[in-house]
Amino acid sequence: MSLLAGKRGIVFGVANKRSIAWAIAQAWHKAGAKLAFTYQGDRLKENVEELAGAFGADTLILPCDVTKDEEIANVFKVVGGKFGKLHLLLHSVAFAPKAALEGEFINTSREAFRIAHDVSAYSLVALGRAAAALMPEGGSMLAMSYYGAEKVVPHYNVMGVAKASLEASTRYLAYDLGPKRIRVNCISAGPVNTLAARGIAGFNEMLKRYEDHAPLKRNVLPEELGATGLFLATDGAAAITGQVIYVDCGYQIMGM
Ligand code: 0WE
């Protein structure tokens with residue numbers, strides 16, 4: 001079942017094999033999509049080359065710091081040259097300075113606020129604009145969010161505010177790009193043990209909380225995020241845009 005046969009996509013946010021971006025990229029690849037990848041910083045280059053290289057020696061793998069307009073321009077210039085056109089974009093990128101995720105939100109510095117929003121929210125606008133220029137046949141853009149965008153999750157702090165901005169940006173992009181048959185959606189994932197979660201105080205307690213309180217009494221699996229990411233990329237979701245889809249074992253519906 002080649003649901004994405006003939007589709008070309010670009011994936012931002014693979015750091016290692018546990019990355020949510022990698023789970024979704026695998027689902028897209030298995031469905032027949034041809035994918036390009038970007039990585040942030042030399043530190044992650046080898047990881048991404050080893051993972052994405054398994055999709056073929058000719059897999060496009062490019063560096064991209066999403067806070068640099070020139071790097072974004074270069075990525076889409078190269079992708080445009082190699083792929084011609086594009087149908088899929090995955091945004092699985094977030095960062096806030098560690099200090100901002102430790103203390104109280106009220107102490108967030110102007111700089112930490114700026115960085116969190118630049119990396120985690122504005123980047124979707126910049127990448128979406130560049131990708132849309134290569135999507136004459138329409139397409140599907142997907143970004144990753146988290147429950148802290150809508151309710152207070154202690155210590156998620158400025159990332160929650162940035163994810164709220166990402167979700168609102170998704171709606172405005174969906175409005176702008178709808179006439180071009182480009183859909184834009186978010187998956188709001190339950191907690192997953194990735195590099196981004198490493199070192200976050202209380203993360204294991206959070207996983208336990210979902211096991212106890214989510215209707216499905218367990219945590220979400222990366223391959224389930226892949227499956228929903230695939231659905232949103234296919235014509236099965238042709239009338240879904242501007243939405244935040246919760247893939248969290250039902251946790252978000254609970255009032256207590
Ligand atoms: O979006 C995230 C985490 C994103 C993230 C992670 C880090 C760790 C290292 C952004 N910036 C940084 N900066 C660093 O220096 N999640 C949904 C995972 C997450 O992070 C939390 C959570 C959850 C869940 C932080 C506090 C509380 C809960």
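Counting starts at 1 for both ligands and their atoms, in listed order.
Partners of Glu71 under the salt bridge (Lys or Arg N to Asp or Glu O under 4.0 Å) rule, at least two apart in sequence or in another chain, do not exist in this structure. Scanning for side-chain hydrogen bond (donor to acceptor under 3.5 Å, both in side chains) contacts around Lys17 gives an empty result, with sequence neighbours left out.
Between Tyr246 and Tyr147, the angle of the ring planes goes over 60°, which puts this pair in the perpendicular group of the 30/60° scheme.
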Sequence neighbours excluded and cut-off under 3.5 Å, please list the side-chain donor-acceptor pairs for residues 91-105, or say none.
unit_1, atom_1, unit_2, atom_2, d
His91, NE2, Ser123, OG, 2.7
Lys98, NZ, Gly199, O, 3.0

Check each N or O atom of ligand 1 against all protein N or O atoms and list the pairs under 3.5 Å, with atom names and distances to 0.1 Å, one per line.
unit_1, atom_1, unit_2, atom_2, d
ligand 1, 1 (O), Tyr156, OH, 2.7
ligand 1, 11 (N), Ala96, N, 2.9
ligand 1, 11 (N), Ala96, O, 3.3
ligand 1, 13 (N), Ala96, O, 2.7

* Asked: Are Val244 and Thr170 close enough, and set up right, to give a side-chain contact (heavy atoms from CB on, under 4.5 Å), and what steps lead you there?
  -> CA-CA 9 Å; Val244 179; Thr170 296; 5.9 Å; no

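For Tyr39 and Trp22, the ring centers sit 6.0 Å or farther from each other.
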